[in-house]
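Numbered from 1 within each chain, the chains take letters A, B, ... in sequence-line order.
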Protein chains: 2
Amino acid sequence: MPSLRDVAERAQVAISTVSAALNGTRPVAAGTKRRIEQAAAELGYRPNLLARGLQSKRTRILALLYPAPRSGFGLTEMQFATGAAEAARELGHHLLLSPEHADPIEELRHLTGLGLVDGVLLMEVGLDDERAAFLTAAGVPFSMIGRTRDPGSIDYADIDFAATARDAVAHVAALGHRELAFFNLSSGAYADGYGPAVRAGEEFAAAARAAGIGYVDGHRPGSAEEGREAFERLMEAHPDVTALAVMDDHAAVGVIAAVAARGWRIPDDLTLLLVLSSARVAEMFHPRLTTLEPPGTELGRLGARMLIDRLCGDGPPQQRLVPCRLVAGDSSAPPRTTGREGRRRA
Amino acid sequence: MPSLRDVAERAQVAISTVSAALNGTRPVAAGTKRRIEQAAAELGYRPNLLARGLQSKRTRILALLYPAPRSGFGLTEMQFATGAAEAARELGHHLLLSPEHADPIEELRHLTGLGLVDGVLLMEVGLDDERAAFLTAAGVPFSMIGRTRDPGSIDYADIDFAATARDAVAHVAALGHRELAFFNLSSGAYADGYGPAVRAGEEFAAAARAAGIGYVDGHRPGSAEEGREAFERLMEAHPDVTALAVMDDHAAVGVIAAVAARGWRIPDDLTLLLVLSSARVAEMFHPRLTTLEPPGTELGRLGARMLIDRLCGDGPPQQRLVPCRLVAGDSSAPPRTTGREGRRRA
DNA sequence: TAGGTTGTGCGAAACGTTTCGACTACCGTA
DNA sequence: TACGGTAGTCGAAACGTTTCGCACAACCTA
């Protein structure tokens with residue numbers, strides 16, 4: 001691996017001149033510069049990132065922190081990572097994949113102490129995230145995918161739950177539905193502090209209210225079986241509900257089974273929306289579900305970009321909200337004008 | 001950030017003594033060692049990875065290379081990454097996420113020239129992978145998740161297609177099926193050089209032959225629509241087939257629709273196996289599909305581990321094959337004893 | 001012609017490690 | 001008593017950069 005010295009030797013100049021020529025940090029005579037560039041090209045010179053980082057205190061490496069394999073990740077989390085890696089690459093940075101374990105804070109202290117990374121990208125941020133608090137206190141630059149309850153001036157990119165809920169409600173309202181129900185994420189899997197569950201719940205209620213349509217929530221099924229039960233209970237208590245938005249993939253499976261068990265059909269007897277799930281997952285269902293697809297790649301990209309911005313110069317905090325994309329499937333349609341009770345099985 | 005010098009000062013010894021004490025590379029008197037360790041602890045000293053790497057030529061950083069967002073990744077690819085990151089971490093290494101673009105070789109040359117990574121982990125390896133050839137020629141240590149046609153002495157971890165096919169065939173044979181069909185990956189999406197498609201195809205044929213049961217292949221549906229068509233054609237040409245193994249998730253959706261359109265039911269009229277798909281995906285189906293789940297995390301871990309082994313000392317090449325796990329769902333059952341034609345819709 | 005300004009280039013220090021030859025006690029042995 | 005060996009420690013060089021003060025020439029201005 002040729003070094004700056006080899007290039008300097010070949011171009012017959014001092015090492016510092018080569019550095020200046022290649023980085024443009026100082027004026028170098030045109031002829032000299034050309035000679036240096038040629039020598040560098042001939043030798044196939046690549047600057048050594050370690051040496052550069054050691055000297056300049058900037059490694060151009062970012063770490064993506066995520067809680068280790070809870071129960072395996074979904075497609076959206078994968079998109080955070082690939083999106084962030086992509087954006088980092090485009091901006092001349094590298095992305096380190098850092099799983100967290102038992103003691104996130106201690107590991108964070110360790111990671112940042114190594115001098116290896118310039119900044120940190122936080123995934124799966126809780127409403128009261130101790131990592132964010134630590135990093136702020138430690139003065140380590142970071143940005144979040146998701147956000148804490150009160151982000152202050154921390155950079156973040158998150159889902160625009162308000163807009164997403166508005167879009168979803170507008171979609172069903174435009175079809176003529178007057179009664180919407182919402183199944184949130186299971187309270188078990190994601191403790192109370194999980195932002196998406198809390199925010200989506202609030203925003204769907206608000207959007208329904210604003211649109212003047214009936215709204216039912218309170219169910220939090222986390223599995224197919226719970227989804228079935230929840231749907232049965234829902235129909236018992238609110239038989240007039242004709243549209244349902246579900247956040248959990250597995251719960252949706254149960255809902256579909258329960259609908260079929262009644263002899264009902266989707267979308268004729270129920271309009272079903274899958275919220276915060278990838279369109280690729282929605283395609284697995286039959287009929288293909290209408291989905292509010294989270295902008296995973298986009299959020300990953302934004303998170304990385306704003307962190308890099310922060311590392312370069314410091315402007316005002318960047319806080320971006322991106323709505324989910326509504327992908328219309330075959331599970332939404334106008335409600336029946338005639339009642340559906342008659343179709344129920346014996 | 002305290003440096004070795006700060007520790008040396010506080011412990012009243014030379015820098016080199018601190019280094020020796022902390023790394024155990026040279027004998028240090030017990031008392032001195034204790035003093036040094038205490039000073040290091042009090043200062044919260046962390047060795048600077050850049051400086052260490054610059055000097056020792058070992059950064060303990062691995063790069064995971066993957067073709068950039070073809071059409072987005074699946075769960076299995078995510079597991080490769082998290083598994084590798086996990087294993088790297090456990091062995092004191094870091095994992096860099098490196099998306100590849102237009103010119104993988106040029107990017108590889110660049111990445112390895114930076115002196116940032118000790119070795120490379122290749123994902124999505126083709127039967128004739130130019131990256132593998134380049135790395136071998138360049139003398140860069142690497143390992144593969146997947147394998148080339150002729151891996152020679154390159155370390156790799158891949159799916160044991162032979163065992164997987166054997167298990168699948170044994171599963172349906174034990175249920176009493178005598179005619180099995182196999183839908184491979186679409187030839188379009190994965191060109192002819194895609195290992196899993198080629199190997200799975202060969203091994204299913206071999207396993208069926210060895211088990212002495214009828215076998216039909218040749219279909220390569222890559223979407224739901226193609227899955228429907230393929231199933232229709234299959235039934236037309238081979239009405240006696242009672243078990244079907246499908247490799248593509250979307251094709252499976254089409255098959256299920258086609259089965260339902262005939263008025264048939266799964267598993268009564270058809271035993272359906274999903275090959276190389278995660279159990280989480282299988283749960284999205286109704287009924288829940290029997291799956292041959294690829295050991296994504298395991299392969300990721302193995303890939304990282306064998307690369308690190310290679311970096312440390314060089315033993316013989318490690319080449320590991322791991323079979324898929326058969327997760328029995330509700331889509332497999334004994335074939336009907338009475339014909340199913342009668343059930344066909346008018 | 002003296003003094004300042006600009007345009008180029010050089011050399012040395014510094015970043016935080018690891019490594020290795022050299023030095024000092026001290027001990028055992030001849 | 002002199003001599004080789006060893007355990008413990010030190011100092012300096014090296015890894016490949018960036019940065020910065022300084023030197024030298026050429027040119028312009030007064």
Side-chain angles (χ1 to χ4, degrees), chain A residues 1-37 39-40 43-61 92 94 110 112-118 311-312, chain B residues 1-37 39-40 43-61 92 94 110 112-118 311-312:
Chain A
M1 216 53 56
S3 78
L4 222 36
R5 200 167 81 182
D6 301 318
V7 179
E9 221 159 82
R10 175 174 261 257
Q12 299 283 12
V13 292
I15 293 180
S16 57
T17 305
V18 179
S19 174
L22 261 27
N23 296 316
T25 51
R26 277 200 173 193
V28 171
T32 313
K33 186 167 181 177
R34 210 164 28 72
R35 234 173 46 242
I36 290 174
E37 281 168 349
L43 261 42
Y45 168 76
R46 312 265 174 201
N48 181 308
L49 284 197
L50 294 183
R52 176 178 293 193
L54 181 59
Q55 163 66 27
S56 67
K57 301 288 181 193
R58 292 259 341 243
T59 63
R60 304 192 153 245
I61 300 178
H94 293 271
H110 182 249
T112 55
L114 259 25
L116 186 58
V117 304
D118 286 343
L311 291 171
C312 294
Chain B
M1 216 52 56
S3 78
L4 221 39
R5 201 167 83 182
D6 301 317
V7 179
E9 221 159 80
R10 174 174 262 256
Q12 299 284 9
V13 292
I15 293 181
S16 56
T17 305
V18 179
S19 174
L22 261 29
N23 297 316
T25 52
R26 277 200 172 194
V28 170
T32 314
K33 185 166 181 177
R34 211 164 27 72
R35 235 171 47 239
I36 290 174
E37 281 168 350
L43 260 42
Y45 168 76
R46 313 262 175 203
N48 181 307
L49 284 197
L50 294 184
R52 177 178 296 199
L54 181 59
Q55 164 66 29
S56 67
K57 303 287 182 192
R58 291 263 336 243
T59 62
R60 303 192 153 244
I61 300 179
H94 293 271
H110 181 249
T112 55
L114 260 25
L116 187 56
V117 304
D118 286 342
L311 291 170
C312 294

K.L.:
How would you label the contact of A:Ser16 with the nucleic acid (heavy atoms, under 4.0 Å): base, sugar-phosphate, or nothing?
P.N.:
base
K.L.:
I need the CG-P distance between B:Leu4 and C:dT19, as an integer number of Å.
P.N.:
12 Å
K.L.:
Between B:Ile36, B:Leu22, B:Val7, which is the residue that forms a side chain to side chain contact (heavy atoms under 4.5 Å, CB included) with B:Thr17?
P.N.:
B:Ile36
K.L.:
Considering only heavy atoms from C-beta outward, does the side chain of A:His94 approach that of B:Leu114 to under 4.5 Å?
P.N.:
yes
K.L.:
Across the strands shown, which category fits A:Arg5 at heavy-atom distances under 4.0 angstrom: base, sugar-phosphate, nothing?
P.N.:
nothing
K.L.:
Counting C-beta onward and ignoring hydrogens, is there a side-chain heavy-atom pair between B:Val13 and B:Thr32 closer than 4.5 Å?
P.N.:
yes
K.L.:
Return whichever of B:Val28 or B:Ser56 has its heavy-atom-nearest nucleotide of DNA chain D closer to the 5' end.
P.N.:
B:Val28
K.L.:
Heavy atom of residues 46-54 of chain A under 4.0 Å from DNA chain C: which residues?
P.N.:
A:Leu54
K.L.:
Under the criterion side-chain contact (heavy atoms from CB on, under 4.5 Å), I'd like the reasoning laid out for A:Asn48 against A:Ser3: C-alpha separation, chi angles, the key distance, then a yes or no.
P.N.:
CA-CA 8 Å; A:Asn48 181 308; A:Ser3 78; over 6 Å; no
K.L.:
Just the endpoints, please: which first and last nucleotides of DNA chain D, 5' to 3', lie under 4.0 Å from a heavy atom of chain A?
P.N.:
D:dG16 to D:dG21
K.L.:
Starting at CZ of A:Arg26 and ending at P of C:dG9, how long is that distance when rounded to a whole Å?
P.N.:
12 Å
K.L.:
If we only count heavy atoms from C-beta on, is the B:Glu9 to B:Ile15 side-chain gap below 4.5 Å?
P.N.:
no
K.L.:
For a 4.5 angstrom cut-off between non-hydrogen side-chain atoms, does A:Ile61 reach A:Asp118?
P.N.:
no
K.L.:
Tell me, do A:Tyr45 and A:Val18 make a side-chain contact under 4.5 Å, heavy atoms counted?
P.N.:
no
K.L.:
Should we say atom CZ of A:Arg58 is surrounded by more than 12 heavy atoms from elsewhere, each under 6.0 Å from it?
P.N.:
yes
